[in-house]
Amino acid sequence: MATASRQSQRASQASAVSGSAVMLVSNPNAGKTTLFNQITGLRHKTSNYPGTTLDLRSGPVRIGDTTRELYDMPGLYTLQASSGEERVAIDALAGRAKGLEAPAAIILVLDATNLVRNLYLASQVLELGVPVVVALNMMDLAEQAGTRIDVETLEAHLGCPVVPVVARKGSGVDRLLHVCGEAIAKGQRPQLPRLLRNAQPITDDLRYRWAETVVASVLIETKPARGKRTAALDAFLLHPVGGMLTFFAVLFGVFYLIFSLASLPMKLIDGAFGSLSAWVGSQLPAGPVQSLIADGVIPGVGGVLVFLPQICTLFFCISILEDTGYLARAACVVDRVLRRVGLPGKAFVPMLSAHACAIPAIMASRVIEDRKDRLITILILPLMTCSARLPVYAMVTALLFPASPLKGAALFTAAYALGLIAALSMAFLFRRTLVKSTPVPLMIELPSYKLPSVKTALLAAYDRAKLFIRKAGTVILAISIVLWWMMSYPKGPTPSVSTEFAASLAQQGISAENWSAQQQLGHSFAGRLGHTIEPIIAPLGYDWRIGVGIVASFAAREVVVSALSIIYGVGEEGAEGSSLLIDRLQAAQRADGTPVFTFATCVSFLVFYILAMQCMPTLAVTRRETGAWKWAAFQFAYMSVLAYTAALLAYQGLRVFGIS
Amino acid sequence: MMNQAAPDQVLAHTLCDSHAGELCRVDSVFLDADISARLAGLGVSVGRHMRVVRSSEPLVVQVYGTRIGIARVLADKIHVSPEPALAAPAAELR
């Protein structure tokens, strides 16, 4: 009951503030985001709420004579939650959020098809003492379902203006903004309904009784309600077997789209950055600046932006699935499985995203309300196979099974499975050591199934893309510069290649230019580090040249293929895993004449790259989302130890069995 | 609702004990404040009528026209009394 008194205290505090912002509030699934998109279009921006992980979308909107900032608050079921994103949103609504303008008015979106529960939230919002305008959404769906709502009576009950809207079609939006402007001008604070006004404290039971009374007097039933379709679909989609099969089918479909739809734009981006780099290289005078830009910055940034199409496709799919109502069912189905290893069911969306890229996945883990649940999810996400690992998988597959697509496919599958199994095992382990608690049990609304909105999905993809570029972009730029420096300095003596030597190189299939590049990399800091760490990595079956690859890909794992290309004298062109690189790797020999890339070394190398945390941008995002460098450091440390140990076991184990 | 003494365990009937199709009314919720606040926001709070749609894991109830999935460990802490079908208010089905 302490919550109730805190509520009224909050209301009196809030009545003192009068800000300039307008905030959109509603239950999840009430169409708030659709309405926000209708009002602001592409003019919105996403900004971080200071000191938290809450990202708020906001956009300018013309209300009356003033341009105000409209905020899309996270979906809320209650203003009484004491943790998570919700808490922050509640503070913002009450005008107690530092660094955020207080609301001049709140636009409360109510779902006309689900009025009682929406009014429960309304009873709490009305208490805030801020002018409220109700946008009564989904009136069309309510009518289809056989109900009509008496808007005037509802207005009388709520003590604030009510404007019917259909957010999907944008109807009623102009009137909504007009009424909102009037409410602000008049400073019209809602009068708390009589039933609630005199009660102290206001119990949940009372709020619901009030909501039921209101609905009983405003709802006019025109034909009996139905809901057989939802029931039938749920019977199948929540079924232990049928639900699981559907889940895997949907998962497969999403992956298929990620890899098929995104492949063409990825090639285009890759090609564009390649040409840009070549063009800049030809335009600038040769020297460190040209090298920095053409060999460092452009390929570095391009190497990450190439994943953008996959990220967009992924979030487009997730938005569509969420809109249809399927995502909530999927969470129910996988909750049964994930809970056994100590992960909440809601972790599956981040886990799905992590198969494209860990960065948006870590950001998506915000859907998990509990802090401990979220921490464990974030820690294990980078073990999932992200797209940046694919060039490495492709290279090893080509090395091991050049002629057998079937064995190659099996190896790929095994690599994905190892990442997933490692992630689940580590979650299990952390739950028993680091965070000794059980995941917060599932409670989730299963919204009615409906047709998804392509516009919302496109905007979601656009939003994620922007966020990814901003979050990853700054870090990537810095990393590219450092890496370039490590691979370019100190400069070795410029090798002069005699015609005879060039001829002998040519016999081995190495151009003089590639030979120089090879010598320079060997001489650089990265090359020296490769030599330095050789004793450490020798038990894994690696030589110093693989060491250079590991050092160079320290901050971004996909760099390893191009680094190996340079160190084996194939030049940058080998970066695509071309047959030239594979031939050269297969021919590579140790000092004693034995081949470097034996079966055991290849497996050990693959295992290492599946498990190692070689992605600096991910660490930066982990730090941001957990709020502490110590978790980023821990993530790096445990993954490195895991990768080293597993690669060691793989290599030495295979040798014990006589496979080298 | 948190402060009420636990009813006689022998008589207690929880949401977990309910069968699919059954109508019931929530008598008390024995869960910590944050979880009960969230459940209340979803429509699962003392005095509410609901229909158990699926008694699987998670349990699915229909309350005020929406379906809510609730883990059985939570449902086990939600005490309910079964309601004869006709006594339930029509609002439950909306």
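Sequence lines set the chain letters: A, B, ... in the order given, protein chains first and strands last, and positions in each chain run from 1.
- Considering only residues two or more places apart in sequence or on other chains, Tyr77(A) meets the side chain to side chain donor-acceptor pair (under 3.5 Å) condition with Glu445(A).
- Between the side chains of Asp205(A) and Thr203(A), no donor-acceptor pair of N or O atoms lies under 3.5 Å.
- Using a 4.5 Å cut-off between heavy atoms, Ala235(A) touches chain B through backbone and side chain atoms alike.
- There is no side-chain donor-acceptor pair under 3.5 Å between Tyr64(B) and Asn118(A).
- In this structure, the portions of Tyr208(A) lying under 4.5 Å from any heavy atom of chain B include both its backbone and its side chain.
- Of the two parts of Ile444(A), the backbone and the side chain both hold a non-hydrogen atom closer than 4.5 Å to a non-hydrogen atom of chain B.
- With a 4.5 angstrom heavy-atom cutoff, Arg48(B) touches chain A only via side-chain atoms.
- Residue pairs meeting the salt bridge (Lys or Arg N to Asp or Glu O under 4.0 Å) criterion with at least one partner in residues 322-335 of chain A, sequence neighbours excluded, are Asp234(A)-Arg329(A), Asp335(A)-Arg339(A).
- Both the backbone and the side chain of Leu238(A) have a heavy atom closer than 4.5 Å to some heavy atom of chain B.
- When each of Leu42(B), Val53(B), Val60(B), Leu59(B) is scored by its heavy-atom pairs under 4.5 Å with chain A, the top score falls to Leu42(B).
- Among the candidates Leu158(A), Thr153(A), Leu119(A), the single residue satisfying the side-chain contact (heavy atoms from CB on, under 4.5 Å) test with Val218(A) is Thr153(A).
- Contact tally against chain B (heavy-atom pairs below 4.5 Å) for His239(A), Arg336(A), Arg209(A): the top residue is Arg336(A).
- Ion pairing between a basic and an acidic side chain is recognised when a charged N comes within 4.0 Å of a carboxylate O; Asp370(A) and Arg374(A) show no such pairing.
- Between chain A and the residues Ser56(B), Gly69(B), Gly43(B), the largest count of heavy-atom pairs under 4.5 Å involves Gly69(B).
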